[in-house]
Structure formats: structure tokens, C-alpha cells
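What's counted below: heavy atoms across the whole structure, side chains too, no hydrogens, waters or symmetry copies. Chain naming here is simple, since letters A, B, ... match the order of the sequence lines and numbering starts at 1 in each.
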There are 2 protein chains.
Amino acid sequence: MDSPARRKSTRTRPSKPPLGERAVVDAGLRVLRREGLDAVTMRKVAAELDTGPASLYVYVAQREELLRLMLDAVIATVPLPALPAPPPGDWRERLAGLITDVVHTLNAHPGIGRVSLGSIPTGPAWLDLFDRILGLLLAGGVDRQRAAWGCDLIALHIGAVTYEVAVAQPAHGDGPDALQGALESRHAQASIEDRLAALDPERHPHLAASTAELTAGPAAARLALGIEVLISGLAPS
Amino acid sequence: MDSPARRKSTRTRPSKPPLGERAVVDAGLRVLRREGLDAVTMRKVAAELDTGPASLYVYVAQREELLRLMLDAVIATVPLPALPAPPPGDWRERLAGLITDVVHTLNAHPGIGRVSLGSIPTGPAWLDLFDRILGLLLAGGVDRQRAAWGCDLIALHIGAVTYEVAVAQPAHGDGPDALQGALESRHAQASIEDRLAALDPERHPHLAASTAELTAGPAAARLALGIEVLISGLAPS
DNA sequence: GATGGTCGACGAACGGTGTTCGTTACGAAC
DNA sequence: GTTCGTAACGAACACCGTTCGTCGACCATC
């Protein structure tokens with residue numbers, strides 16, 4: 001379009017101010033909050049920083065590593081109880097509260113929880129969190145081995161719950177009329193309610209008798225049940 | 001290479017014998033067992049059937065739907081207890097056995113469990129399975145509402161557990177020297193053991209005191225713990 | 001037996017993805 | 001003032017899911 005002299009072709013801009021890992025992670029989080037996890041592509045994150053995808057690989061080995069760093073950055077925002085020893089209040093309540101906080105924080109960044117399912121998180125913020133969880137379990141008198149594996153179990157549950165929520169509400173932004181798109185595309189898998197309403201009481205007697213209970217209840221109550229089940233299942237009898 | 005007349009260019013072959021949804025799903029399962037979930041691409045599945053990717057869209061609306069069909073086909077192979085009423089043996093044991101069977105079956109198809117995390121499964125085989133699980137919970141005297149949500153919880157756990165296992169053992173095949181590749185690529189995230197060995201006892205006292213327990217134990221024992229925690233957490237006290 | 005119409009297998013292409021490579025500008029050290 | 005390592009960058013590679021229009025093969029009808 002412009003004259004060839006005007007061409008900025010290879011290497012025009014004077015190499016931007018340096019990025020840094022932190023800047024890359026923050027840009028990723030911005031894209032995540034705005035458009036959801038699937039939109040966190042190397043290209044979009046790079047565009048957020050007004051550069052090309054290749055530039056990100058100086059600070060991040062892979063997309064997956066970027067996601068791990070983002071996940072840890074999110075977990076780092078969860079307020080943790082003070083270290084030395086938790087006040088002696090009911091350990092179950094304290095643990096349930098902590099897990100609830102984590103889940104809510106993760107849900108504010110839709111989909112990021114999936115990353116924790118891929119590999120047991122080992123970032124610094126996760127280690128802090130695990131230590132508190134383990135401490136609470138031990139304080140509750142849970143067997144050492146059971147507490148250790150319980151820690152794992154809780155992390156797994158957190159990942160699963162936050163992943164599921166993210167799929168239910170596909171992303172918030174994604175530009176204008178995202179809701180429209182989410183509804184009309186998707187090839188319309190029959191909803192769970194429809195499936196439950198249509199099932200044969202002969203073949204699925206229990207499901208048919210419980211349709212109301214299966215679809216009932218606010219998400220918060222379901223979340224609370226899951227956490228309660230985990231804790232009371234782990235607690236010493 | 002050959003003479004232009006030999007060219008099969010556009011539309012040479014006489015349109016193959018028809019495929020059918022079943023054939024597509026089976027081909028997908030073959031690729032899955034051989035190379036893992038990520039390798040189940042429309043192109044690879046099509047190649048398995050000696051055709052092009054476009055041909056699959058006659059039987060399957062999307063890749064995601066193909067995966068759902070594959071998941072249901074796998075679940076259909078789990079033997080279920082007879083319908084009318086389960087023998088009165090301990091419902092906990094029966095339920096634990098059922099869940100264990102499901103997990104093992106899913107683990108034989110690495111990664112497919114992830115699909116169930118994406119959306120609550122509503123395929124026929126899953127409905128059968130849910131009905132049995134719900135029946136066992138109700139037989140155990142679990143409250144109706146709690147049993148219904150517990151069903152959900154168990155499905156979530158199954159998905160999470162099978163997803164995690166799949167990532168740990170990235171695929172079996174993937175061609176020659178898959179193990180070599182898995183080790184040298186991956187950009188070598190520090191292993192959990194290394195991380196645990198390196199942590200600061202001041203900052204993470206409980207983790208540091210439990211490294212042995214955290215890494216200990218066969219996978220089967222961890223799986224059993226998770227199932228036991230869920231069941232005893234759901235059971236009426 | 002010829003004919004018309006429907007179904008689906010197919011080639012090609014589009015717009016995206018993660019990642020790699022070699023080049024090159026910059027800032028600091030000498 | 002020159003050198004030199006670091007890192008931003010353009011371009012490209014090999015894939016991906018999905019769509020479009022074409023056209024061969026079969027089947028119901030005349």
C-alpha cells in the first residue's frame with residue numbers, strides 16, 4: 001500500500017521495552033477474565049502485549065506452562081489463615097471455608113481450574129495452600145497417610161468443580177452477543193432437564209423418581225455438599 | 001508421479017461402502033486406545049476409516065459429540081448389577097465395587113474421562129449407570145436430595161480421577177520410542193517428588209513433615225481412599 | 001429398462017492453533 | 001567506539017476443526 005520505502009518489513013519497530021514473565025502472565029489473566037480459558041492462545045496473549053507470539057517463548061516454555069503460572073497467580077490471591085497455628089475454632093468449618101474461598105476465586109477466572117487437573121500443581125501459592133489444608137486435616141486428628149492423600153483428593157475436587165462450572169458458563173465476554181452465540185451454536189446437545197423428563201421409568205426407576213432432586217438446588221448448595229462430603233468422609237469416625 | 005491419466009484427483013474412488021455412526025465411534029476408540037485422547041482428531045479418525053475428515057460430519061455433528069459417543073460406548077461395557085433389586089449385600093461395598101469397575105474401564109481408554117467433566121453425561125449407558133448408583137445410595141438410606149447430588153458428585157469424581165491418570169501416562173503408543181519422547185520433550189516440569197524434597201520446612205511445616213505420605217502408596221490405594229471417602233461422606237451417620 | 005432425485009463420500013479450502021528458526025536491533029560492557 | 005549477548009520479531013511449518021460444493025452411486029418411479 002505505502003511506498004516501498006515506507007515498508008516497515010522486517011524489524012521496523014525499535015524492539016519494545018522488555019516484557020518479563022510477570023507481564024506475560026498478567027496479559028494472560030486479562031485475556032482469561034475477558035474471554036475464557038480457550039481464548040488464552042499464545043497469539044491473543046501476544047496481541048494483548050502488542051507483540052508477536054514468538055516473543056512469549058522467551059519467558060514461557062509452552063502454553064501449558066503459561067497456564068500453570070496463571071493458575072498459581074490466581075491461587076496466590078486467596079487469603080490464607082496465618083501460619084503458626086490456626087485458632088482452635090472448628091477445623092471442619094475452617095477447612096470448608098478455605099476450600100470455598102479457593103473455588104470462588106478460581107471461578108472468577110473461568111476455566112483456569114482445569115489446569116490443576118492436568119498435573120498436580122506445584123507452584124509456590126499451591127504449596128502454601130496445600131500446607132494449610134494439610135495442617136487443618138492433621139489438626140482435626142486425621143491419620144497422617146489419610147490426611148496426605150486427602151489433600152490430593154481435595155485438590156482434585158477443586159479442579160473438577162471449577163472446570164465444570166467453567167463449561168456451564170462458557171466465558172463471559174467473547175465480544176458482543178456472546179449469549180446469542182452460545183445458544184444458537186453448540187449444535188444444541190439436549191439439556192439435562194429434557195433428558196430426565198424423557199426417561200423411561202421402567203428402565204431407570206430411581207432416576208425417574210428423583211428428577212426433581214437431581215435438578216434442584218442452587219449451585220452454592222451443591223458446592224457445599226461436595227465439600228462437606230469430602231471433609232466428613234475424611235474425618236476420623 | 002504417475003501419468004496424469006492415472007490421477008485420481010477429484011472423485012476417483014467409487015464412493016466407499018457407507019460408514020455409519022457405529023463405525024466412526026469404533027474407529028475413534030481404536031485411535032484412542034492406540035494414541036490417547038489428544039490424538040483423536042477428525043483427521044486421524046477419518047484416516048482410520050480410509051477417508052477424509054469431511055465424511056465424518058455426516059454421522060457426527062462435532063468432534064465433541066464424537067467424544068461423547070465414544071465415552072458412552074466405553075461406559076456401556078461396564079457390567080451392571082441386575083436391575084430389579086440388588087442383592088442385600090452391603091450397599092457400600094457394592095457401590096465401591098461399581099465405581100472401581102467404572103474407573104478401571106475408563107482408564108483402559110486414556111483420557112476419555114475428561115469428556116464427562118465437560119458436560120454431565122446423558123448418554124444411555126450413563127443413564128443406566130446413574131440409575132444403579134442412585135439406587136444403591138437410596139438403598140443405603142441416604143436422603144433423597146443428598147443421594148441425587150451424591151450421584152453428581154460421584155460422576156464428577158470419576159471424571160476427575162480418570163482425567164488425572166490419563167495425563168500421568170500420556171498415551172501408550174504414539175509410535176516408536178514414545179517413552180523417550182515423553183521424557184525428553186515436555187520441557188521437563190520439575191517432578192512432584194523434587195518439589196517436595198526441596199521445600200522449606202519453615203514455610204511448609206506440614207508438607208515437609210509428610211513428604212513420605214504424600215508420595216507413598218500404590219495408585220489403587222489412592223483410588224480406594226477416594227471412593228471410600230465419598231461413600232462414607234454421603235452415608236447417613 | 002430408462003430416468004430422476006436423494007444421500008453421502010469426497011477434495012479443497014478457510015481461518016485458526018502451538019511452536020521453531022534465523023535475523024536483527026538494542027543496551028551494556030569493555 | 002567497538003563488540004557481544006539478549007531478546008523482540010517476521011515468517012513459516014505442520015497441524016487442527018469445520019464448511020462448501022461437487023458428483024458418484026443407489027433407489028423409487030415411470
Quiz item: Is any side-chain N or O of A/Arg43 under 3.5 Å from a base N or O of C/dG16, one able to act as donor and the other as acceptor?
Solution: no
Quiz item: Please give, in whole Å, the distance from D/dG10 C1' to A/Asp50 CG?
Solution: 14 Å
Quiz item: Do B/Leu156 and A/His157 touch side chain to side chain, with heavy atoms closer than 4.5 Å?
Solution: yes
Quiz item: Excluding sequence neighbours, so at least two apart, what forms ring-ring contact (aromatic ring centres under 6.0 Å, His included) with A/Trp149?
Solution: none
Practice problem: Let me know the distance between OH of A/Tyr57 and P of D/dA7, rounded to the nearest Å. | Solution: 17 Å
Quiz prompt | Minimum-distance nucleotide to B/Val58 side chain [options: D/dC13, D/dT18, C/dA9] | solution = C/dA9
Quiz prompt | Separation of atom CD in B/Glu65 from atom C1' in D/dT18, rounded to whole Å | solution = 14 Å
Exercise. Show your reasoning for whether side-chain contact (heavy atoms from CB on, under 4.5 Å) applies to B/Thr122 and A/Ile192.
Key: CA-CA 7 Å; B/Thr122 57; A/Ile192 297 109; 4.1 Å; yes
Practice problem: From the options C/dC10, D/dT18, C/dG18, select the nucleotide whose nearest atom is closest to the side chain of B/Gln62. | Solution: D/dT18
Quiz item: Atom CZ of A/Arg63 and atom P of D/dC16: how far apart are they, to the nearest Å?
Solution: 16 Å
Self-check item: Protein-nucleotide distance (B/Leu56, atom CG; C/dA9, atom P), rounded to Å
Solution: 9 Å
Exercise. Find the distance B/Asp38:CG to D/dC15:C1' and express it as a whole number of Å.
Key: 13 Å
Quiz item: If you look only at pairs with a residue in residues 212-222 of chain B, which of them pass as a side chain to side chain donor-acceptor pair (under 3.5 Å), with sequence neighbours excluded?
Solution: A/Asp152-B/Arg222
Practice problem: Examine D/dA7: is either OP1 or OP2 under 4.0 Å from a nitrogen or oxygen in the side chain of A/Ser55? Give yes or no. | Solution: no
Quiz item: If only side-chain N and O atoms of A/Thr41 are considered, is one of them under 4.0 Å from the OP1 or OP2 phosphate oxygen of C/dT17?
Solution: yes
Quiz item: Nearest to the side chain of A/Met42, which nucleotide is it out of C/dT17, C/dG18, D/dA8?
Solution: C/dG18
Self-check item: Basic-acidic side-chain contact under 4.0 Å: B/Asp26, B/Arg22
Solution: yes
Quiz item: Rounding to a whole Å, what distance do you find between A/Glu35:CD and C/dT17:P?
Solution: 10 Å
Exercise. Using only side-chain N and O atoms of A/Tyr59, determine if any of them is under 4.0 Å from OP1 or OP2 of D/dA8.
Key: yes
Practice problem: Would you indicate which nucleotide in D/dC9, C/dA12, D/dC13 comes nearest to any side-chain atom of B/Ala54? | Solution: C/dA12
Quiz item: Taking atom P of D/dC16 as reference, at what distance in whole Å does atom CD of B/Glu64 sit?
Solution: 16 Å
